[in-house]
Amino acid sequence: MSAIDALPPLRQVITDHGLSARKSLGQNFLLDLNLTSKIARQAGDLSGCDVLEIGPGPGGLTRGLLSEGARKVLAIEKDARCLPALSEIEAAYPGRLDVINADALELDPLMYLTPPIRVVANLPYNVGTELLIRWLTPANWPPYWDSLTLMFQREVAERIVAQPRSKTYGRLAVLASWRCDARIAMHLPPEAFTPPPKVSSAVVHLTALPEPRFPADAKVLERVVAKAFNQRRKMLRAALKGVAPDIEDRLITAGIKPTDRAETVGLEQFCALAELI
Ligand code: SAM
């Protein structure tokens with residue numbers, strides 16, 4: 001582990017501040033600063049950007065983002081035990097790190113950020129999907145962020161970039177491909193984390209498109225797709241029963257056979273259906 005800054009190694013930071021990992025907060029820390037810098041680089045040139053980081057923990061990725069040149073990092077951390085360690089990073093990078101002790105699901109960070117904005121995070125597994133859905137489904141597009149560079153469990157990452165007719169294709173793939181270009185940027189084995197989780201992880205990089213690929217209302221599309229994949233083995237006329245009257249007619253108008261299953265339906269057809277509901 002080579003030094004990227006003059007701060008103590010992360011292993012020492014977690015010992016000094018008693019940061020024993022808590023499962024309930026999804027705490028699997030990255031302690032290799034070379035690796036956190038590499039993850040930061042997946043977000044591109046950060047020099048003119050504000051970065052929103054959710055869950056900085058002891059600050060490994062935060063330090064990577066700052067050493068890679070982020071103009072400013074806004075870090076939102078729920079666990080108050082991490083604040084003293086993060087204060088040391090604030091002192092080492094004067095004026096470039098703001099830390100807010102809050103639940104990321106409760107806080108709207110926009111007022112603390114100046115565009116261009118990128119989101120980079122090793123997300124807590126228990127709120128990662130919920131945050132992603134929120135970032136992908138604001139009423140208006142383009143969103144406040146230009147890109148999302150996010151660590152997920154590998155299985156979730158594969159669901160985000162999945163293609164129709166694959167087992168992993170579902171709500172996340174439809175919503176991600178509707179408004180973004182999405183790709184897996186890195187794979188990480190369990191041993192990259194302390195403590196190691198049971199499964200592998202991957203970093204997904206999503207770039208916001210200037211406008212959605214097809215017109216649709218975000219909330220309606222999300223609801224239709226969630227319902228369609230909730231019972232993915234059922235035919236759509238059954239899975240979507242109750243979503244709207246005459247659902248069979250609407251499916252046909254959208255170019256979807258009522259006997260099809262959700263995993264065979266492409267983005268354009270889902271958007272067309274959402275427009276009819
Ligand atoms: N970024 C650090 C790293 O890479 O080593 C820690 C990542 S760890 C997977 C997830 C972090 O998110 C933890 O520090 C945890 O306390 C924090 N966290 C969990 N739930 C949160 C929430 N709802 N809002 C903000 N932070 C949260």
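Just follow the structure's listing: the first ligand is 1, and inside any ligand the first atom is 1. Counting from 1, the numbers follow the sequence of the chain as shown.
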A.B. asks: Tell me which one of Pro124, Ser24, Ala75 gets a heavy atom nearest to atom 18 (N) of ligand 1.
C.D. replies: Pro124
A.B. asks: Donor-acceptor pair, Asn28 side chain versus Phe193 backbone, under 3.5 Å?
C.D. replies: no
A.B. asks: Please check: side-chain N/O of Asp79 versus main-chain N/O of Gly57, any donor-acceptor pairing under 3.5 Å?
C.D. replies: no
A.B. asks: List every atom of ligand 1 that sits less than 4.0 Å from any heavy atom of Asp79, numbering the atoms from 1 in the order shown and giving each element.
C.D. replies: 16 (O)
A.B. asks: With heavy-atom distances below 4.5 Å as the criterion, would you say the side chains of Asn122 and Thr36 are in contact?
C.D. replies: no
A.B. asks: Heavy-atom distance to atom 13 (C) of ligand 1: which of Lys78, Arg63, Gln27 wins?
C.D. replies: Gln27
A.B. asks: I need the nearest protein heavy-atom contact for atom 9 (C) of ligand 1: residue, atom name and distance, please.
C.D. replies: Gly26 O, 3.1 Å
A.B. asks: Give a yes/no verdict on whether any heavy atom in Ala121 is under 4.0 Å from an atom of ligand 1.
C.D. replies: no
A.B. asks: Out of all atoms in ligand 1, which are within 4.0 Å of some heavy atom of Ile76? Include the element for each.
C.D. replies: 25 (C), 26 (N)
A.B. asks: Measuring from non-hydrogen atoms of Gly60 to any atom of ligand 1, is the shortest distance under 4.0 Å?
C.D. replies: no
A.B. asks: Could you find the nearest protein heavy atom to atom 2 (C) of ligand 1 and give me its residue, atom name and distance?
C.D. replies: Pro56 O, 3.2 Å
A.B. asks: Going by heavy atoms, is Cys82 under 4.0 Å from ligand 1?
C.D. replies: no
A.B. asks: May I ask you to check if ligand 1 and Leu30 share an N or O to N or O distance below 3.5 Å?
C.D. replies: yes
A.B. asks: Answer yes when Asp217 and Lys219 have at least one side-chain N-carboxylate O distance shorter than 4.0 Å, and no when they do not.
C.D. replies: no
A.B. asks: Ring-plane angle category for Tyr169 and Phe229, please: parallel below 30°, perpendicular beyond 60°, tilted otherwise.
C.D. replies: perpendicular
A.B. asks: If you measure every N/O of Asn122 against every N/O of ligand 1, is any gap under 3.5 Å?
C.D. replies: yes
A.B. asks: So for ligand 1, is Glu77 a polar contact partner (N or O within less than 3.5 Å, distance only)?
C.D. replies: yes
A.B. asks: If you count the atoms of ligand 1 from 1 in the order shown, which ones are under 4.0 Å from a heavy atom of Ala102?
C.D. replies: 24 (N), 25 (C)
A.B. asks: Does the side chain of Val120 reach to within under 4.5 Å of the side chain of Glu53, using non-hydrogen atoms?
C.D. replies: no
A.B. asks: Working note: Arg71 + Thr114, criterion side chain to side chain contact (heavy atoms under 4.5 Å, CB included); need CA distance, chi angles, decisive distance, verdict.
C.D. replies: CA-CA 10 Å; Arg71 179 176 64 195; Thr114 310; 4.0 Å; yes
A.B. asks: Purely on distance, is any nitrogen or oxygen of Asp103 under 3.5 Å from one on ligand 1?
C.D. replies: yes
A.B. asks: Taking Arg118 for its side chain and Leu46 for its backbone only, find out whether a donor-acceptor pair lies under 3.5 Å.
C.D. replies: no
A.B. asks: Can you tell me which residue and heavy atom of the protein come closest to atom 19 (C) of ligand 1, and the distance to 0.1 Å?
C.D. replies: Leu25 O, 3.1 Å
A.B. asks: Which atoms of ligand 1 have any heavy atom of Glu53 under 4.0 Å away?
C.D. replies: 1 (N)
A.B. asks: I need the nearest protein heavy-atom contact for atom 11 (C) of ligand 1: residue, atom name and distance, please.
C.D. replies: Gly55 O, 3.4 Å
A.B. asks: Quick one: do Leu251 and Leu273 satisfy side chain to side chain contact (heavy atoms under 4.5 Å, CB included)? Show the steps, please.
C.D. replies: CA-CA 6 Å; Leu251 283 163; Leu273 180 62; 3.8 Å; yes
A.B. asks: Less than 4.5 Å apart, any side-chain heavy atom of Asp98 and any of Tyr112?
C.D. replies: no
A.B. asks: By the definition side chain to side chain contact (heavy atoms under 4.5 Å, CB included), identify the one residue from Leu172, Leu175, Leu131, Leu221 that meets it with Leu136.
C.D. replies: Leu175
A.B. asks: Using a 4.0 Å cutoff against the non-hydrogen atoms of Gly57, which atoms of ligand 1 qualify?
C.D. replies: 14 (O)
A.B. asks: Check whether any side-chain heavy atom of Asp260 lies under 4.5 Å from a side-chain heavy atom of Met235, and answer yes or no.
C.D. replies: no
A.B. asks: Enumerate the atoms of ligand 1 whose separation from the nearest heavy atom of Ala104 is less than 4.0 angstrom.
C.D. replies: 22 (C), 23 (N), 24 (N), 25 (C)
A.B. asks: Does Arg22 come within less than 4.0 Å of ligand 1, judged by its heavy atoms?
C.D. replies: no
